[in-house]
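One-based numbering along the sequence shown. These values consider heavy atoms only, across backbone and side chains, with no hydrogens, waters or symmetry-generated copies.
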Amino acid sequence: MRMRGFVAGGLIGIAAGIILSRRKPGSVEWFVRRADQLMTSAKHRMIEQVLNRRFGAEERSGEHACKSESGSSWNTIRSLINADARVKHEAERILTEAGDAASEQDKPH
């Protein structure tokens, strides 16, 4: 892309934004918010597809993934932990330490 085309496109975009904001003041804000929502949802879908492609085959056939977003997130975390033995060992160590710390807090002083 030539610099001339880039500058011309930028100027045309600025002019269109000014014209649109004068006619309908809230439309530019709505457009920017909607574009942000679309980009965020596209990013989340792409990340989930990559994780499913990489770790989906390692999931046990007996497990059923939840339809809710939080359920699929926990299943993804579980599959990431189970994928590597060192990570699994470290996670179990952290859970036991957290369990010990929680039981000490429950004891009366």
Side-chain angles (χ1 to χ4, degrees):
M1 176 188 288
R2 293 188 179 173
M3 188 60 136
R4 244 184 321 189
F6 181 73
V7 171
L11 291 175
I12 291 171
I14 290 171
I18 290 170
I19 291 170
L20 190 59
S21 68
R22 285 186 181 166
R23 290 188 181 171
K24 295 181 180 179
S27 62
V28 174
E29 181 185 354
W30 175 85
F31 180 75
V32 169
R33 198 174 328 120
R34 182 67 181 144
D36 183 50
Q37 290 172 349
L38 289 172
M39 294 300 289
T40 302
S41 66
K43 178 183 75 171
H44 287 296
R45 277 186 275 148
M46 288 177 61
I47 290 171
E48 188 152 344
Q49 285 176 355
V50 168
L51 289 174
N52 284 340
R53 189 176 311 138
R54 180 146 186 212
F55 298 107
E58 297 175 6
E59 250 185 62
R60 294 185 196 125
S61 61
E63 289 183 10
H64 297 289
C66 296
K67 295 292 182 186
S68 68
E69 186 176 312
S70 63
S72 66
S73 297
W74 283 112
N75 286 334
T76 303
I77 292 169
R78 189 176 296 119
S79 66
L80 287 171
I81 290 172
N82 290 332
D84 189 7
R86 289 185 306 169
V87 173
K88 186 174 182 178
H89 177 71
E90 187 68 19
E92 289 172 351
R93 185 184 65 78
I94 291 170
L95 287 173
T96 57
E97 286 178 5
D100 292 342
S103 64
E104 288 176 10
Q105 290 177 355
D106 292 338
K107 292 179 184 176
H109 294 283

Visitor: In Å and rounded to the nearest 0.5 Å, what is the CG to CG distance from Asn75 to Leu80?
Guide: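 Here the rounded value is 11.0 Å.
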Visitor: Excluding sequence neighbours, so at least two apart, what forms side chain to side chain donor-acceptor pair (under 3.5 Å) with Arg93?
Guide: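 Only Glu90, Glu97 meet the side chain to side chain donor-acceptor pair (under 3.5 Å) criterion with Arg93.
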Visitor: Taking only residues two or more places apart in sequence or in another chain, which ones pass side chain to side chain donor-acceptor pair (under 3.5 Å) with Glu92?
Guide: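 Once residues adjacent in sequence are excluded, Glu92 has no partner under the side chain to side chain donor-acceptor pair (under 3.5 Å) criterion.
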Visitor: If two hydrophobic side chains count as joined below 4.5 Å and joins carry through other members, does Ile47 share a cluster with Met39?
Guide: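 No; tracing contacts between hydrophobic side chains, which count when under 4.5 Å, never links both residues.
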Visitor: Using the test side chain to side chain donor-acceptor pair (under 3.5 Å), find all partners of Glu29 that sit at least two apart in sequence or belong to another chain.
Guide: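 So Glu29 forms a side chain to side chain donor-acceptor pair (under 3.5 Å) with Arg33.
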Visitor: Met46 and Val50: side chain to side chain contact (heavy atoms under 4.5 Å, CB included), yes or no, with the steps?
Guide: CA-CA 6 Å; Met46 288 177 61; Val50 168; 5.6 Å; no
Visitor: Are Val32 and Asp36 close enough that some pair of their side-chain heavy atoms sits under 4.5 Å apart?
Guide: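 The answer is no; the side chains never approach within 4.5 Å.
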Visitor: Would a hydrophobic clustering, with Ile, Leu, Val, Met, Phe, Trp and Tyr connected at side-chain separations under 4.5 Å, put Ile12 with Val7?
Guide: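 They do not share one cluster, since no chain of ILVMFWY contacts under 4.5 Å joins Ile12 to Val7.
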Visitor: Identify the heavy atoms of Ile81 and Val87 that sit nearest to each other, and give their distance.
Guide: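 For Ile81 versus Val87, the nearest heavy atoms are CA-CG1, 4.0 Å.
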Visitor: Quick one: CG on Asn52 to CD on Gln49, what's the gap to the nearest 0.5 Å?
Guide: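 Atom-to-atom, Asn52:CG and Gln49:CD are 8.0 Å apart.
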Visitor: Measure the CZ-OG1 distance between Arg45 and Thr40 for me, rounded to the nearest 0.5 Å.
Guide: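 The distance works out to 11.0 Å.
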